[in-house]
Amino acid sequence: MLGAIDIPVLVITGSTSNPVAQRANELLASSIKGAQFVVIEGAAHFMIATHAAEVGRLIAQHIGRVEG
């Protein structure tokens, strides 16, 4: 079913996230055609609070690519 997704997808994980979560996110991204997979160094599960600027920058870049 993931292979049928036909929209631009950004999957972000943290370098200090649980290894199982990291691997699940990696597999998710690899199962969606054209998905972008990014690891934020030093981030974990609550990266929207601890690395908000980096998450925001990645989302803005992703939207820019999609709209461009």
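Just so you know, residue 1 is the first one in the sequence shown, and it goes up from there. These values consider heavy atoms only, across backbone and side chains, with no hydrogens, waters or symmetry-generated copies.
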Task: Side-chain touch V9/I7, heavy atoms, less than 4.5 angstrom - done: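 In contact.
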
- [ ] Evaluate the side-chain proximity of T13 to F37: yes if any heavy-atom separation is below 4.5 Å, no if none is.
- [x]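 Yes. Closest side-chain heavy atoms under 4.5 Å.
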
Return the [atom1] to [atom2] distance between [X] and [Y], rounded to the nearest 0.5 Å.
{"X": "H62", "Y": "I12", "atom1": "NE2", "atom2": "CD1", "result": "9.0 Å"}
{"X": "E41", "Y": "S15", "atom1": "CD", "atom2": "OG", "result": "4.0 Å"}
{"X": "K33", "Y": "D6", "atom1": "NZ", "atom2": "CG", "result": "7.5 Å"}
{"X": "E54", "Y": "I59", "atom1": "CD", "atom2": "CD1", "result": "10.5 Å"}

- [ ] Provide the closest heavy-atom pair for S17 versus H45 in the form atom of the first, atom of the second, distance.
- [x]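 Heavy atoms of S17 and H45 come nearest at OG-N, 3.8 Å.
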
Task: Nearest non-hydrogen partners of T16 and A44, listed with the distance - done: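 Taking every non-hydrogen atom into account, OG1-CB, 3.5 Å.
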
Is it true that [X] and [Y] fall in one hydrophobic cluster, defined by side-chain heavy atoms closer than 4.5 Å?
{"X": "L28", "Y": "I40", "answer": "no"}
{"X": "I63", "Y": "V38", "answer": "yes"}
{"X": "L2", "Y": "L27", "answer": "no"}
{"X": "L58", "Y": "M47", "answer": "yes"}

- [ ] Taking S31 for its side chain and G3 for its backbone only, find out whether a donor-acceptor pair lies under 3.5 Å.
- [x]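 Absent.
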
